[in-house]
**Student:** 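Let me give you the structure first, and then I'll get to my questions.
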Amino acid sequence: MIGPFSIVVLTGAGISAESGVDTFRDTDGIWSKVNIEDVATPEGYVRDPERVHAFYNDRRRGLPGVVPNAAHFALAKLEREFQGEFLLVTQNIDDLHERAGSAKLIHMHGELVKAFCDRCGHKLEWRADLSTGDACPACHGHGRLRPDVVWFGEMPYQMDRIYDALAKCDLFVSIGTSGNVYPAAGFVAEARAAGARTVELNLEPSEGANLFHHAVHGPATKIVPDFVESVLRG
Ligand code: APR
């Protein structure tokens, strides 16, 4: 079998679970404790910006206390050693992929460690708490800095680049995502339409499990390194 020449990997919260980062829809996941409408929609932000800031401040404060796991490191190794084209698209807003060494990376739902001004558009790194009291360093507008996180109803980032990569890939791997949220949940169909082999690596079958040619179920720290070795061995 001729090896893949172009790989696209999609990750979700499940790849960070064993690092101690909460997932969204597992039992006692984030959405069992907080309403999406209140903290992950533009309307929720307009209604109560400080409540939204508190939600992301809490998650941003947790980042220094977690570290990448074997699955993050395995994907960074695949990027380094794979001879063809590689793109990692993550739905996650944590910085564990970068800290594991991934570089060919798109955060389609934004990043917890970035903020942007919804008055002038200025984007900057922001690792501290954020509040309506903070001023934009570019336009000096007060209360206009928001987490650089894509909320429900907003357009994810770099979709053209992602669809372009999916149209050309011959291996698509989905890791640690429940397949509940579009457009990410539709990527497997795009890859199949392009003739790619599609693989799901997840703790359990996702919503879109039947759309994948292959599946391996188990904890990411076990099944992702094994899968990466199998791809690199060719
Ligand atoms: N190893 C592998 N997979 C795991 C592990 C693990 N240790 N733990 C959990 N999983 C799987 C779960 O079985 C589930 O299918 O990870 C998936 C996590 O699903 P969600 O919590 O729904 O997270 P995700 O799919 O990333 O959510 C997508 O929804 O709320 C929005 O913007 C948010 O990016 C997020 C998007």
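If you read the sequence from its start, that first residue is 1, and numbering goes on from there. One-based numbering, in listed order, for ligands and for the atoms of each. The shown structure was predicted, so the numbers you read here are calculated from the model rather than taken from an experiment.
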**Student:** Would H109 and Y157 satisfy ring-ring contact (aromatic ring centres under 6.0 Å, His included), going step by step from the backbone distance to the final call?
**Tutor:** CA-CA 7 Å; H109 289 166; Y157 290 143; 9.3 Å; no
**Student:** Among all protein heavy atoms, pick the one closest to atom 27 (O) of ligand 1 and tell me residue, atom and distance.
**Tutor:** R25 NH1, 3.0 Å
**Student:** Would you please say whether a donor-acceptor pair under 3.5 Å links the side chains of H213 and T198?
**Tutor:** yes
**Student:** Any atom of ligand 1 sitting under 4.0 Å from a heavy atom of S206?
**Tutor:** no
**Student:** Heavy atom under 4.0 Å from ligand 1: found in A220's side chain, backbone, both, or neither?
**Tutor:** both
**Student:** With heavy atoms only and a cut-off of under 4.0 Å, state how Y182 meets ligand 1: side chain, backbone, both or neither.
**Tutor:** neither
**Student:** Using a strict cut-off of 4.0 Å, indicate which atoms of ligand 1 neighbour a heavy atom of W31.
**Tutor:** 30 (O)
**Student:** May I ask you to identify the nearest protein heavy atom to atom 10 (N) of ligand 1, giving residue, atom name and distance to one decimal place in Å?
**Tutor:** G14 CA, 3.6 Å
**Student:** Salt bridge check, R146 against E154: does any charged N sit closer than 4.0 Å to a carboxylate O?
**Tutor:** yes
**Student:** Select one of side chain, backbone, both or neither to describe which atoms of H109 lie under 4.0 Å from any atom of ligand 1, heavy atoms only.
**Tutor:** side chain
**Student:** I'd like to check which ligand 1 atoms, numbered from 1 as shown, lie under 4.0 Å from a non-hydrogen atom of G12.
**Tutor:** 26 (O)
**Student:** Are R127 and E125 close enough for a salt bridge, meaning some N to O gap below 4.0 Å?
**Tutor:** yes
**Student:** Could you check atom 12 (C) of ligand 1 against the protein and tell me its nearest heavy-atom contact, residue, atom and distance included?
**Tutor:** D26 OD1, 3.5 Å
**Student:** For atom 3 (N) of ligand 1, find the nearest protein heavy atom and state the residue, atom name and distance (0.1 Å precision).
**Tutor:** L203 N, 3.1 Å
**Student:** Is the number of heavy atoms from other residues, nucleotides or ligands within 6.0 Å of NZ (K104) greater than 12?
**Tutor:** yes
**Student:** Ion pair present between E111 and K123, side-chain N to carboxylate O less than 4.0 angstrom?
**Tutor:** no
**Student:** Relative to the heavy atoms of E18, which atoms of ligand 1 are at a distance of less than 4.0 Å?
**Tutor:** 1 (N), 6 (C), 7 (N)
**Student:** Please check if the number of heavy atoms outside N210 that lie under 6.0 Å from its CG is greater than 12.
**Tutor:** yes
**Student:** Measure the distances from the heavy atoms of A71 to every atom of ligand 1 and state whether one is below 4.0 angstrom.
**Tutor:** no
**Student:** Between the side chains of D134 and R144, is the shortest nitrogen-to-carboxylate-oxygen separation below 4.0 Å, so that they form an ion pair?
**Tutor:** no
**Student:** Checking a contact table here: which protein heavy atom is nearest atom 26 (O) of ligand 1, and how many Å away?
**Tutor:** A13 N, 2.8 Å
**Student:** Report the part of T23 (side chain from C-beta onward, or backbone N, CA, C, O) that has a heavy atom under 4.0 Å from ligand 1; answer both or neither where that applies.
**Tutor:** both
**Student:** Identify the protein heavy atom lying closest to atom 11 (C) of ligand 1, giving its residue, its atom name and the separation to 0.1 Å.
**Tutor:** N202 OD1, 3.5 Å
**Student:** Would you call R61-D129 a salt bridge at under 4.0 Å N-O?
**Tutor:** yes
**Student:** Provide the number and element of each atom of ligand 1 under 4.0 Å from a heavy atom of P219.
**Tutor:** 1 (N)
